[in-house]
2 protein chains.
Amino acid sequence: MENQQMSPMRKHSKKRDAILRCVRSTTIHPSAEWVYQQLKPDYPQLSLGTVYRNLNLFREEGAIASLGVVGGLERFDGNPNPHVHFVCLRCGAVQDVGELQLPVELMQQAEHYISGEIEQCTLSFSGLCSQCKSGDSSPHC
Amino acid sequence: MENQQMSPMRKHSKKRDAILRCVRSTTIHPSAEWVYQQLKPDYPQLSLGTVYRNLNLFREEGAIASLGVVGGLERFDGNPNPHVHFVCLRCGAVQDVGELQLPVELMQQAEHYISGEIEQCTLSFSGLCSQCKSGDSSPHC
DNA sequence: ACAAAAATAATAATGAGTGCTATTATTATT
DNA sequence: AATAATAATAGCACTCATTATTATTTTTGT
């Protein structure tokens, strides 16, 4: 059993820092493309691939979280602590519902009924956000 | 306000029936591709586009449900009644947790904290299924 | 400054899903 | 049963989010 994969030494990168700062500085739960557009003015040489690569890196190490795919785009969350979300089915806007607790007590119960080991609990609500409810036809997220 | 879009008269189709039967006959929460592969032997002329089109049709009219994207593939559920799921983070297998109730009472509470109207509640657990836990490296879903 | 290695830019490639159109199947009507 | 109207499909082109590739640039230790 040779060639134990050793993770390469992490080097510092200004763009990587900026990407993390960007995701952490908003609650809109952005896509890679959104982060790219935000940083483009300050980093004209930034490449979309770099945004994708670093977002995945941060997600893998738990620095940020992924909400999964909403309307065809993977959405990220600068707050990696599990919490409840509300997703608009029409425009894809995501809101935090920080006031509600996740039903973590159900995790142990659920494990009795499935074959496997439960690690995470995801609770989210969906419907229409106020703007979409009031017939706003312009995209706003 | 003319040209009220009138939905075209629905005609019967053997393939459409087979697609619905296929999704309803399993609990693996299949992807379009899986349904296509299942039906191919019995319907050699079946087109993947037809599977996509009809799955979307059934989802829109509420005959089936979508679990969203798991590992890059949209997964469907022949049981349109909301219920709890367990998703394996490694292989993407989905199990029902029919014994647990959805915390629907939280829907009203959540609506106090967000701006919008909540319609649905989604609760799912994730982790490693038993096969993936025991180091099974072959795909099994 | 120099060398080694990690990070990036630019671009090609991938692949799930959708759109398009000629053909086929279904249904109602003779 | 033939006909006509139209819905559904097959086959394939296309879109577009994401990943892979590679030559170049940046970082970091010496």
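First the proteins, then the strands, lettered A, B, ... as listed; each starts at 1. All values below come from the heavy atoms of this structure, side chains included, with hydrogens, waters and symmetry mates left out.
In this structure, the NE2 atom of A/His12 is 22 Å from the P atom of D/dT25, given to the nearest Å. Atom OH of B/Tyr36 and atom C1' of D/dG11 are 10 Å apart (whole Å). In this structure, CZ of B/Arg75 is placed 16 Å from C1' of C/dG17, rounded to the nearest angstrom. Computed from coordinates, the B/Leu48 CG to C/dA16 C1' distance equals 9 Å when rounded to whole Å. If you take CG of A/Leu73 and P of D/dT15, they are 18 Å apart, rounded to a whole angstrom. Atom CG in A/Leu55 sits roughly 14 Å away from atom C1' in D/dT19 (whole-Å rounding). Atom CZ in B/Arg16 sits about 10 Å away from atom P in C/dT27, given to the nearest Å. Residue A/Tyr43 contributes atom OH, which lies 17 Å from atom P of C/dA7 at whole-angstrom precision.
Listed pair B/Asn56 / C/dT18 meets the phosphate criterion, a side-chain N or O lying under 4.0 Å from OP1 or OP2. Remark: A/Arg10 is not in phosphate contact with C/dA6, judged by side-chain N or O atoms under 4.0 Å from OP1 or OP2. Of the side-chain N and O atoms in A/Thr50, one or more sit less than 4.0 angstrom from OP1 or OP2 of C/dA9. A close approach under 4.0 Å does occur between a side-chain nitrogen or oxygen of B/Lys15 and OP1 or OP2 of D/dA10. Within the structure, a side-chain polar atom (N or O) of A/Tyr52 is placed less than 4.0 Å from OP1 or OP2 of D/dT18. Side-chain nitrogen and oxygen atoms of B/Gln45 include none within less than 4.0 Å of the OP1 or OP2 phosphate oxygen of C/dT24. The phosphate of D/dT9 has OP1 or OP2 within less than 4.0 Å of a side-chain N or O from B/Arg53. Of the side-chain N and O atoms in B/Ser13, one or more sit less than 4.0 angstrom from OP1 or OP2 of D/dT9.
If you check every strand for non-hydrogen atoms under 4.0 Å, B/Glu74 touches sugar and phosphate atoms only.
We find that B/Glu33 and B/Lys40 are not joined by a salt bridge, their nearest charged nitrogen and carboxylate oxygen being 4.0 Å or further apart.
C/dA1 and D/dT30 make up a base pair, with Watson-Crick or G-U wobble contacts both under 3.5 Å. D/dA8 and C/dT23 make up a base pair, with Watson-Crick or G-U wobble contacts both under 3.5 Å. D/dA1 is paired with C/dT30 under the criterion used here, namely a Watson-Crick or G-U wobble arrangement in which both key atom distances are under 3.5 Å.
No side-chain N or O of B/Glu74 forms a donor-acceptor pair with one of B/Ser31 less than 3.5 Å apart. Defined by atom type and a distance below 3.5 Å, a donor-acceptor pair is missing between the side-chain atoms of B/Glu105 and B/Gln109.
Between B/Ile19 and A/Ser31, it is B/Ile19 whose nearest contact on DNA chain D lies nearer the 5' terminus. Residues B/Lys14 and B/Gly49 each lie close to DNA chain C; by heavy-atom proximity, the contact nearer the 5' end of the strand is made by B/Gly49. Mapped onto DNA chain C by nearest heavy atom, B/Met9 and A/Asn54 fall at different nucleotides, with A/Asn54 at the one closer to the 5' end.
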- Check the pair A/Leu123 / B/Cys121 against side chain to side chain contact (heavy atoms under 4.5 Å, CB included), numbers first and verdict last. CA-CA 7 Å; A/Leu123 174 63; B/Cys121 172; 3.9 Å; yes

- Query: Could you go step by step and tell me if B/Phe58 and B/Val23 meet the side chain to side chain contact (heavy atoms under 4.5 Å, CB included) rule?
  - Reply: CA-CA 10 Å; B/Phe58 290 135; B/Val23 179; over 6 Å; no

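Atoms CG and CG, from B/Asn54 and B/Leu20 in turn, are 9.5 Å apart once rounded to the nearest 0.5 Å.
Scanning atom types as modelled, no donor and acceptor separated by under 3.5 angstrom connect the side chain of A/Lys11 and the base of D/dT26.
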